[in-house]
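Numbered from 1 within each chain, the chains take letters A, B, ... in sequence-line order. Basis for what follows: all heavy atoms, side chains included, without hydrogens, waters or symmetry-related copies.
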Number of protein chains: 2
Amino acid sequence: MMRNIFLGFIRIHILHHANKGEIFGVWMMDELRSHGYSISTGTLYPILHSLEKDGYLTKRDEVADGKVRKYYRITEKGITALEEAKKKIRELVDEIMV
Amino acid sequence: MMRNIFLGFIRIHILHHANKGEIFGVWMMDELRSHGYSISTGTLYPILHSLEKDGYLTKRDEVADGKVRKYYRITEKGITALEEAKKKIRELVDEIMV
DNA sequence: ATCATGGTATCGTCCAACGATATTGTGCGT
DNA sequence: ACGCACAATATCGTTGGACGATACCATGAT
(Lines give C-alpha, C1' and ligand atoms only; values in the text may rest on other atoms or scores of the structure.)
Protein backbone atom coordinates (compact mmCIF):
# COMPACT_ATOMS: atom_id res chain seq x y z
CA MET A 1 0.00 0.00 0.00
CA MET A 2 2.60 2.53 1.06
CA ARG A 3 4.72 1.08 -1.70
CA ASN A 4 1.88 1.74 -4.10
CA ILE A 5 1.87 5.39 -3.14
CA PHE A 6 5.62 5.77 -3.16
CA LEU A 7 6.24 4.29 -6.57
CA GLY A 8 5.13 7.54 -8.12
CA PHE A 9 7.46 9.46 -5.83
CA ILE A 10 10.30 7.24 -6.92
CA ARG A 11 9.71 8.05 -10.57
CA ILE A 12 9.67 11.74 -9.74
CA HIS A 13 12.94 11.38 -7.85
CA ILE A 14 14.47 9.68 -10.85
CA LEU A 15 13.39 12.40 -13.25
CA HIS A 16 14.56 15.06 -10.83
CA HIS A 17 18.04 13.64 -10.45
CA ALA A 18 18.34 12.89 -14.14
CA ASN A 19 17.55 16.55 -14.63
CA LYS A 20 20.26 17.76 -12.28
CA GLY A 21 22.91 15.48 -13.76
CA GLU A 22 23.61 12.02 -15.03
CA ILE A 23 22.50 9.06 -13.01
CA PHE A 24 23.04 5.32 -13.12
CA GLY A 25 21.20 2.42 -11.56
CA VAL A 26 23.10 1.57 -8.43
CA TRP A 27 23.72 5.20 -7.54
CA MET A 28 20.02 5.91 -7.88
CA MET A 29 19.21 2.95 -5.67
CA ASP A 30 21.46 4.30 -2.94
CA GLU A 31 20.02 7.76 -3.29
CA LEU A 32 16.50 6.42 -2.97
CA ARG A 33 17.45 4.26 -0.02
CA SER A 34 18.89 7.29 1.73
CA HIS A 35 15.46 8.85 1.42
CA GLY A 36 13.81 5.82 2.93
CA TYR A 37 12.67 4.19 -0.28
CA SER A 38 13.81 0.60 -0.43
CA ILE A 39 13.68 -0.68 -3.95
CA SER A 40 15.18 -3.73 -5.58
CA THR A 41 17.01 -3.95 -8.88
CA GLY A 42 14.18 -6.00 -10.25
CA THR A 43 12.01 -2.94 -9.84
CA LEU A 44 14.42 -0.14 -10.62
CA TYR A 45 15.94 -1.36 -13.88
CA PRO A 46 12.66 -2.05 -15.60
CA ILE A 47 11.56 1.44 -14.58
CA LEU A 48 14.68 2.96 -16.11
CA HIS A 49 14.20 0.92 -19.24
CA SER A 50 10.62 1.98 -19.65
CA LEU A 51 11.45 5.62 -18.98
CA GLU A 52 14.04 5.42 -21.72
CA LYS A 53 11.81 3.49 -24.08
CA ASP A 54 9.09 6.09 -23.67
CA GLY A 55 11.49 8.93 -24.31
CA TYR A 56 11.84 10.50 -20.88
CA LEU A 57 15.49 9.54 -20.49
CA THR A 58 18.42 8.89 -22.79
CA LYS A 59 21.12 6.36 -22.14
CA ARG A 60 24.87 6.48 -22.58
CA ASP A 61 27.35 3.68 -21.88
CA GLU A 62 30.57 4.42 -20.12
CA VAL A 63 33.35 2.34 -18.69
CA ALA A 64 34.14 3.83 -15.30
CA ASP A 65 36.51 2.21 -12.87
CA GLY A 66 36.52 -0.95 -14.93
CA LYS A 67 32.73 -1.25 -14.83
CA VAL A 68 30.26 -0.63 -17.58
CA ARG A 69 27.74 1.90 -16.46
CA LYS A 70 24.62 3.10 -18.20
CA TYR A 71 24.30 6.78 -17.57
CA TYR A 72 20.90 8.33 -17.99
CA ARG A 73 19.95 11.94 -18.38
CA ILE A 74 16.61 13.60 -18.88
CA THR A 75 15.11 14.57 -22.25
CA GLU A 76 12.89 17.48 -23.18
CA LYS A 77 9.91 15.20 -22.85
CA GLY A 78 11.16 14.17 -19.44
CA ILE A 79 11.48 17.78 -18.35
CA THR A 80 7.94 18.47 -19.44
CA ALA A 81 6.71 15.47 -17.49
CA LEU A 82 8.67 16.53 -14.43
CA GLU A 83 7.18 20.01 -14.56
CA GLU A 84 3.73 18.55 -14.86
CA ALA A 85 4.35 16.32 -11.89
CA LYS A 86 5.61 19.26 -9.84
CA LYS A 87 2.51 21.20 -10.71
CA LYS A 88 0.36 18.37 -9.45
CA ILE A 89 2.41 18.14 -6.28
CA ARG A 90 1.86 21.83 -5.64
CA GLU A 91 -1.86 21.37 -6.05
CA LEU A 92 -1.81 18.36 -3.76
CA VAL A 93 0.13 20.23 -1.12
CA ASP A 94 -2.20 23.21 -1.34
CA GLU A 95 -5.13 20.96 -0.79
CA ILE A 96 -4.08 18.56 1.90
CA MET A 97 -1.35 20.36 3.82
CA VAL A 98 -3.53 22.64 5.85
CA MET B 1 3.48 7.01 -17.22
CA MET B 2 1.86 10.11 -15.79
CA ARG B 3 -0.90 7.80 -14.70
CA ASN B 4 1.69 5.69 -12.97
CA ILE B 5 2.87 8.69 -11.00
CA PHE B 6 -0.57 9.99 -10.20
CA LEU B 7 -2.05 6.76 -8.88
CA GLY B 8 -0.28 7.38 -5.60
CA PHE B 9 -1.65 10.90 -5.47
CA ILE B 10 -5.12 9.53 -6.03
CA ARG B 11 -4.83 7.21 -3.04
CA ILE B 12 -3.64 10.12 -0.93
CA HIS B 13 -6.58 12.19 -2.06
CA ILE B 14 -8.92 9.40 -1.08
CA LEU B 15 -7.45 9.06 2.38
CA HIS B 16 -7.47 12.82 2.83
CA HIS B 17 -11.13 13.20 1.96
CA ALA B 18 -12.13 10.15 3.95
CA ASN B 19 -10.40 11.88 6.83
CA LYS B 20 -12.33 15.11 6.47
CA GLY B 21 -15.66 13.37 6.12
CA GLU B 22 -17.50 10.49 4.57
CA ILE B 23 -17.01 9.78 0.90
CA PHE B 24 -18.60 7.49 -1.66
CA GLY B 25 -17.47 6.26 -5.05
CA VAL B 26 -19.09 8.54 -7.54
CA TRP B 27 -18.52 11.65 -5.47
CA MET B 28 -14.87 10.77 -5.15
CA MET B 29 -14.62 10.27 -8.89
CA ASP B 30 -16.01 13.73 -9.52
CA GLU B 31 -13.73 15.24 -6.93
CA LEU B 32 -10.72 13.63 -8.55
CA ARG B 33 -11.82 14.67 -11.98
CA SER B 34 -12.10 18.25 -10.83
CA HIS B 35 -8.45 18.01 -9.87
CA GLY B 36 -7.52 16.74 -13.30
CA TYR B 37 -7.34 13.06 -12.44
CA SER B 38 -9.42 11.00 -14.82
CA ILE B 39 -10.15 7.63 -13.36
CA SER B 40 -12.68 4.98 -14.29
CA THR B 41 -14.93 2.98 -12.00
CA GLY B 42 -13.00 -0.13 -12.89
CA THR B 43 -10.03 1.47 -11.20
CA LEU B 44 -11.63 3.36 -8.34
CA TYR B 45 -13.86 0.71 -6.85
CA PRO B 46 -11.17 -1.93 -6.57
CA ILE B 47 -9.01 0.69 -4.86
CA LEU B 48 -11.75 1.44 -2.35
CA HIS B 49 -12.29 -2.27 -1.77
CA SER B 50 -8.65 -2.91 -1.15
CA LEU B 51 -8.30 0.10 1.13
CA GLU B 52 -11.18 -1.26 3.14
CA LYS B 53 -9.94 -4.81 3.09
CA ASP B 54 -6.57 -3.68 4.36
CA GLY B 55 -8.13 -1.66 7.14
CA TYR B 56 -7.54 1.90 6.00
CA LEU B 57 -11.23 2.63 5.50
CA THR B 58 -14.51 1.42 6.94
CA LYS B 59 -17.72 1.08 5.00
CA ARG B 60 -21.31 1.94 5.84
CA ASP B 61 -24.36 1.43 3.65
CA GLU B 62 -26.96 4.10 3.35
CA VAL B 63 -29.98 4.69 1.20
CA ALA B 64 -29.85 8.27 0.01
CA ASP B 65 -32.15 9.70 -2.59
CA GLY B 66 -33.37 6.26 -3.46
CA LYS B 67 -29.87 5.02 -4.16
CA VAL B 68 -27.75 2.70 -2.12
CA ARG B 69 -24.47 4.29 -1.32
CA LYS B 70 -21.44 2.87 0.37
CA TYR B 71 -19.99 5.55 2.56
CA TYR B 72 -16.37 5.25 3.56
CA ARG B 73 -14.48 6.96 6.31
CA ILE B 74 -10.92 6.66 7.47
CA THR B 75 -9.66 4.42 10.26
CA GLU B 76 -6.84 4.90 12.73
CA LYS B 77 -4.62 2.87 10.50
CA GLY B 78 -5.63 5.05 7.59
CA ILE B 79 -4.79 8.20 9.52
CA THR B 80 -1.37 6.82 10.32
CA ALA B 81 -0.79 5.99 6.68
CA LEU B 82 -1.95 9.44 5.61
CA GLU B 83 0.43 11.08 8.05
CA GLU B 84 3.26 8.97 6.77
CA ALA B 85 2.43 9.92 3.21
CA LYS B 86 2.34 13.59 4.12
CA LYS B 87 5.72 13.30 5.73
CA LYS B 88 7.14 11.83 2.56
CA ILE B 89 5.52 14.55 0.50
CA ARG B 90 7.15 17.18 2.67
CA GLU B 91 10.53 15.52 2.14
CA LEU B 92 9.91 15.32 -1.59
CA VAL B 93 8.93 18.97 -1.76
CA ASP B 94 11.98 19.99 0.24
CA GLU B 95 14.20 18.16 -2.15
CA ILE B 96 12.84 18.91 -5.57
CA MET B 97 10.99 22.20 -5.20
CA VAL B 98 14.01 24.49 -5.19
C1' DA C 1 43.33 -17.53 -17.40
C1' DT C 2 40.91 -17.36 -13.32
C1' DC C 3 38.58 -14.66 -10.02
C1' DA C 4 36.29 -11.01 -7.49
C1' DT C 5 33.75 -7.06 -8.10
C1' DG C 6 30.48 -3.54 -9.49
C1' DG C 7 26.97 -3.12 -12.17
C1' DT C 8 23.12 -4.41 -15.22
C1' DA C 9 19.54 -7.60 -17.01
C1' DT C 10 15.86 -10.87 -16.83
C1' DC C 11 12.73 -14.79 -15.25
C1' DG C 12 8.34 -16.46 -13.05
C1' DT C 13 4.89 -15.19 -10.39
C1' DC C 14 1.66 -12.45 -8.54
C1' DC C 15 -1.23 -8.42 -8.21
C1' DA C 16 -3.17 -4.06 -10.00
C1' DA C 17 -5.20 -1.03 -13.71
C1' DC C 18 -8.21 -0.48 -17.25
C1' DG C 19 -12.42 0.01 -20.22
C1' DA C 20 -16.45 -2.16 -20.86
C1' DT C 21 -20.16 -4.39 -19.30
C1' DA C 22 -23.18 -6.35 -15.87
C1' DT C 23 -25.57 -6.06 -11.58
C1' DT C 24 -28.05 -4.05 -7.80
C1' DG C 25 -31.48 -1.47 -5.19
C1' DT C 26 -34.86 2.07 -5.12
C1' DG C 27 -38.59 5.35 -6.27
C1' DC C 28 -41.76 6.76 -9.70
C1' DG C 29 -45.33 6.58 -13.21
C1' DT C 30 -49.09 4.33 -14.63
C1' DA D 1 -48.67 -3.79 -7.88
C1' DC D 2 -45.56 -3.86 -11.76
C1' DG D 3 -42.01 -2.68 -14.59
C1' DC D 4 -38.90 0.82 -15.85
C1' DA D 5 -35.30 4.19 -15.47
C1' DC D 6 -31.71 5.72 -12.98
C1' DA D 7 -27.70 6.16 -9.70
C1' DA D 8 -24.39 3.74 -7.98
C1' DT D 9 -21.58 -0.22 -7.24
C1' DA D 10 -19.42 -4.47 -8.84
C1' DT D 11 -16.85 -7.51 -11.75
C1' DC D 12 -14.69 -9.65 -16.15
C1' DG D 13 -10.69 -10.38 -19.40
C1' DT D 14 -6.79 -8.62 -20.68
C1' DT D 15 -2.72 -6.32 -20.30
C1' DG D 16 1.12 -4.51 -17.89
C1' DG D 17 3.98 -3.54 -13.76
C1' DA D 18 6.33 -4.94 -9.28
C1' DC D 19 9.01 -7.99 -6.96
C1' DG D 20 12.77 -11.06 -5.14
C1' DA D 21 15.95 -14.02 -6.78
C1' DT D 22 19.07 -15.27 -9.85
C1' DA D 23 21.89 -14.87 -13.82
C1' DC D 24 24.84 -12.31 -16.66
C1' DC D 25 28.62 -9.23 -18.29
C1' DA D 26 32.97 -6.51 -18.68
C1' DT D 27 36.99 -5.29 -16.49
C1' DG D 28 41.26 -5.15 -13.55
C1' DA D 29 44.08 -7.66 -10.35
C1' DT D 30 46.76 -11.50 -9.26
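Because its NZ or CZ atom is both nearer than 6.0 Å to the ring centre of A/Tyr37 and within 45° of the ring axis, B/Lys88 counts as a cation-pi partner of that residue. For the pair A/Lys77 and A/Tyr56, the distance from NZ or CZ to the six-membered ring centre is under 6.0 Å and the angle to the ring normal is within 45 degrees.
When side chains are defined from C-beta on, A/Lys87 does not count as touching A/Glu84, because their heavy atoms never get closer than 4.5 Å. Considering only heavy atoms from C-beta on, A/Tyr72 comes within 4.5 Å of A/Lys70 through its side chain. For the pair A/Val63 and A/Arg69, the minimum side-chain heavy-atom distance is 4.5 Å or more.
Running 5' to 3' along DNA chain D, contacts with non-hydrogen atoms of chain B at under 4.0 Å begin and end at D/dC6 to D/dT11.
Within the model, atoms CG of B/Leu15 and NZ of B/Lys20 stand 14.0 Å from one another, a figure rounded to the nearest 0.5 Å.
We find that NZ of A/Lys67 is positioned 14 Å from P of C/dA4, with the value rounded to whole Å. Rounding to whole angstrom units, NZ of residue B/Lys70 and P of C/dT23 are separated by 16 Å.
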Trace of the side-chain contact (heavy atoms from CB on, under 4.5 Å) decision for B/Leu92 with B/Ile96: CA-CA 6 Å; B/Leu92 182 65; B/Ile96 78 173; 4.1 Å; yes

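Shown here are the salt bridge (Lys or Arg N to Asp or Glu O under 4.0 Å) partners of B/Glu62, two or more places apart in sequence or in another chain: B/Arg60. Contacts of B/Arg90 classified as salt bridge (Lys or Arg N to Asp or Glu O under 4.0 Å), with partners at least two apart in sequence or in another chain: none.
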Can you give each donor-acceptor pair under 3.5 Å made by side-chain atoms of residues 2-13 of chain B, sequence neighbours left out, with the distance rounded to 0.1 Å?
{"residue": "B/Arg3", "atom": "NH2", "partner": "B/Ser38", "partner atom": "O", "Å": "2.6"}
{"residue": "B/His13", "atom": "ND1", "partner": "B/Phe9", "partner atom": "O", "Å": "3.4"}
{"residue": "B/His13", "atom": "NE2", "partner": "A/Glu95", "partner atom": "OE1", "Å": "3.1"}

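Applying a 4.0 Å cut-off to non-hydrogen atoms, the residues of residues 25-35 of chain B that approach DNA chain D are B/Gly25, B/Val26, listed by residue number.
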What is the per-nucleotide protein-contact pattern of nucleotides 10-22 of chain C, from the 5' end, where B denotes a base atom under 4.0 Å from a protein heavy atom, S denotes such proximity for sugar-phosphate atoms only, and - denotes neither? B------SBBB--

